[in-house]
Amino acid sequence: MLAFTSAQTVQQPSFSAQYTARGKPLCSITTNPSTLPGISSSSTGNNPLIQSLSRQGDLKQALHVLSQEPNPSQLTYELLIRSCSSQKSLSDGLSVHRHLFDNGFDQDPFLATKLINMYSEVDDVERALLVFDKIRKRTIYVWNALFQALALASRGEKVMDLYRRMNQTEILSDRFTYTYVLKACVVSENMASLLKSGKEIHANILRRGYEGHVHTMTTLMDMYARFGCVNEARHVFAEMRVKNVVSWGVMITCYAKNSMPFEALELFHEMMSRSDTVPTSVIMVSVLQACAALAALEQGRLLHGFVLRRGLDSILPVISALMTVYARCGKIELAQTIFDKMEKRDVVSWNSLISAYGVHGFGEKAVEIFKQMVCSGISPSVVSFVSVLGACSHAGLVEKGKELFRSMVQIHRIQPRVEHYACMVDLLGRANRLDEAVKIIEEMRMEPGPKVWGALLGSCKIHDNVELAERASSRLFELEPRNAGNYVLLADIYAGAKLWQEARRAKQLLEARGLQKVPGRCWIEVKRKIYSFVSVDEQNPQIEQLRALLLRLSMEMKETGYVPRTDIVHYDLDSDEKERILLGHSEKLAVAFGLINSNKGEVIRITKNLRLCEDCHSVTKFISKFTNREILVKDVNRFHHFRDGLCSCRDYW
DNA sequence: CTAGGGTTAG
């Protein structure tokens, strides 16, 4: 880059010299160009030949001919630059750039645009910026090309800086500008600060009267969606008079990605009934994702049928999403069947299967699939390692996990990222090897992020380690002050150690920051309808019936040794009240609902938004034995398969 | 020169 900068300004001759030297081998073309078919020695010279060589992708030949051409045209340069872009060749791009500079085309805004595109394509934004700096006449095309290049390189702040500067000139944004600058907002390292910028662009869009432009408005929705601003996205969507399949898709994805799977499914059904929009594979992927999050098997089956009818069943992302739906509905064998039938598989297909076994606690199987993947010649990705390490963690395969972690660098040449360290901390911490977990953190060559400290805090909860919990939580309160879960976890750990005053302080901290505990929720799908439960659910029409059933079961269970875990209720209440609260937990309500409303022999499947509580875990074990029913509970991070009084997690979760 | 998607840990 340095050589080029100086050359561009002062050392022009060296370019030409270097260039001519490189052109030498093909001088035969210039000595007698007319011997080549279709080439005349008229005023157009070698231009048509260079152009057709560029179009064919014979870049080397094109460059050789160029070196002998005294009058290259703008079109010739354009095609050459494009060829460099498509071949991702920085060195050839530089040659063309030098050449057009020598021929006085360096102030041509059209070619500057193409050069910026080209440098962006070869991942050299710095040179793209340089072209922009040098060009004096900056058309909106030049600006847009740079915005696009910077957005692609995740330089959000830089884009906003330049966007504001552009707005001080007489150049006006167009519809392309808006899509690029909006995209730039969500790709910066510093997400929070650019939401403001996004809103600023939103205001400009309205001021300039672009609110009727579908493309722009859809990008705007997506920007809000990625910041988690569901209401803003929803508002933009509602105001759009013209919607197309992408606008619907962005809104559905927005819900699916922001933990609102119900709304995602609802909107999909609305799209199907109220518009003539034909769903694409992209839409199906998002809807399937929502379905997986809810563990809604019947919905999933309907969607699977739909996918087949629409002929979308050979599209890899759709298949991966389908596998995940079945896996998350507890139908792991169906996920395996789909995988087996695939004609082509990519790394994501494999990852889907690995994580499927992982969340069910089949650690060995997950490791086996991982090995099969490697044997079949697919290189594991960063996600493969997250999945397989997670699988080891859930199954307590500590040594296996450590071995795989080492193999990341040693065999697969993948540098561990923060999320891999988080997996290791979880793996070791869960296995009560907290000192080793701490050692891993201390040896990290990067800043341990919230995921790492969060994994440690979670382990402290399992193993009642107050001291370490204080250390982890103090870091978490700095790193993610608005995550309510951390305060609740710390309060629980204190309460578990009967440090009531400290527990109260942790809760006060939560409230002082204006946060609220995420309420525990459960879902159950019965006859294609999904029912949702919150703890001590007074609104539920069947609540009395559910309570009565649970009370009866609880009394029976007590006779066979069940002791309600009133110790985990951290309110200052008498033990009867505590028992009542425990019995009102949403997962118990959902189980009772399933027992009453589904047929005998059917598996009861429940989804929970948090980690399963210990009391519910033991009660569900009892119930599975008592009622001779299989109960499948998917909590935030794994599956619990209850059968005959036992759980598939072997009480390790 | 423009918009959306698969697999992921606490």
Side-chain angles (χ1 to χ4, degrees), chain A residues 113-114 116-117 120 140-149 151 174-180 182-183 213-223 225-226 244-254 256-257 280-289 292 315-325 327 346-356 358-359 380-391 393-394 417-427 429-430 449-462 472 476 480 483 485-486 489 610-611 636-638:
Chain A
T113 305
K114 299 295 160 197
I116 292 171
N117 291 152
S120 165
I140 190 64
Y141 291 90
V142 175
W143 284 98
N144 286 348
L146 189 73
F147 290 144
Q148 186 184 30
D174 66 6
R175 56 218 168 110
F176 298 103
T177 317
Y178 292 128
T179 53
Y180 297 136
L182 284 169
K183 247 176 133 76
H213 191 256
V214 194
H215 243 287
T216 307
M217 298 318 271
T218 304
T219 316
L220 186 60
M221 279 168 55
D222 188 54
M223 183 273 291
R226 283 175 204 267
N244 64 17
V245 67
V246 183
S247 340
W248 285 97
V250 169
M251 197 61 227
I252 292 170
T253 310
C254 172
K257 284 264 157 75
T280 56
S281 64
V282 181
I283 300 240
M284 293 319 292
V285 164
S286 281
V287 181
L288 287 169
Q289 227 176 17
I315 293 166
L316 288 183
V318 175
I319 307 173
S320 291
L322 256 179
M323 280 172 61
T324 305
V325 169
D346 63 5
V347 67
V348 181
S349 330
W350 285 94
N351 291 349
S352 304
L353 194 63
I354 294 168
S355 85
V359 289
S381 66
V382 287
V383 177
S384 313
F385 280 102
V386 173
S387 303
V388 77
L389 291 174
S393 183
H394 291 310
R417 297 191 189 174
V418 183
E419 49 263 53
H420 300 112
Y421 285 105
C423 287
M424 289 309 289
V425 169
D426 183 57
L427 175 84
R430 232 182 254 278
K451 299 215 161 67
V452 174
W453 293 115
L456 190 65
L457 187 61
S459 301
C460 292
K461 164 86 167 76
I462 300 170
L476 284 167
E480 39 175 32
N483 184 338
N486 296 330
L489 210 47
L610 304 172
R611 186 176 173 273
V636 257
N637 40 43
R638 65 160 298 150

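Every chain is numbered from 1 and lettered A, B, ... according to where its sequence line falls, protein lines coming before strand lines.
- Here B:dG5 presents its C1' atom at 11 Å from CG of A:Leu288, a figure rounded to the nearest Å.
- Listed candidates were B:dT8, B:dC1, B:dG5. Nearest to the side chain of A:Val386 is B:dT8.
- Between B:dG4, B:dG10, B:dT8, one nucleotide has an atom nearer to the side chain of A:Arg430 than all others, and that is B:dG10.
- A:Glu419 contributes no side-chain N or O that forms a donor-acceptor pair with the base of B:dG10 under 3.5 Å.
- Minimum atom distance to the side chain of A:His213 is reached by B:dT2, of the listed B:dA9, B:dT7, B:dT2.
- Nearest to the side-chain atoms of A:Ser349 among the listed nucleotides B:dA3, B:dG5, B:dG6 stands B:dG6.
- In this structure, the nucleotide among B:dG6, B:dT8, B:dG4 sitting nearest to the side chain of A:Val246 is B:dG4.
- The base of B:dA9 does not come close enough to the side chain of A:Asn637 for any donor and acceptor atom to sit less than 3.5 Å apart.
- You'll find that the side chain of A:Pro317 is closest to B:dG5, out of B:dA9, B:dT2, B:dG5.
- Between A:Gln148 and B:dT2 there is no side-chain N or O to OP1 or OP2 distance below 4.0 Å.
- Side-chain atoms of A:Asp222 and A:Thr219 include no donor-acceptor pair closer than 3.5 Å.
- Taking 3.5 Å as the limit, the base of B:dG6 and the side chain of A:Asp346 contain a donor-acceptor pair of atoms between them.
- When the nucleotides B:dG6, B:dG5, B:dC1 are ranked by their closest atom to the side chain of A:Phe176, B:dC1 comes out on top.
- In this structure, of B:dG5, B:dA3, B:dT7, it is B:dG5 that holds the atom nearest to the side chain of A:Ile315.
- Comparing B:dG5, B:dG10, B:dA3 by their nearest atom to the side chain of A:His215 picks out B:dA3.
- Listed nucleotides B:dG10, B:dG4, B:dG6 differ in distance to A:Lys257; the shortest reach to its side chain belongs to B:dG6.
- Residue A:Arg226 places none of its side-chain N or O atoms closer than 4.0 Å to OP1 or OP2 of B:dA3.
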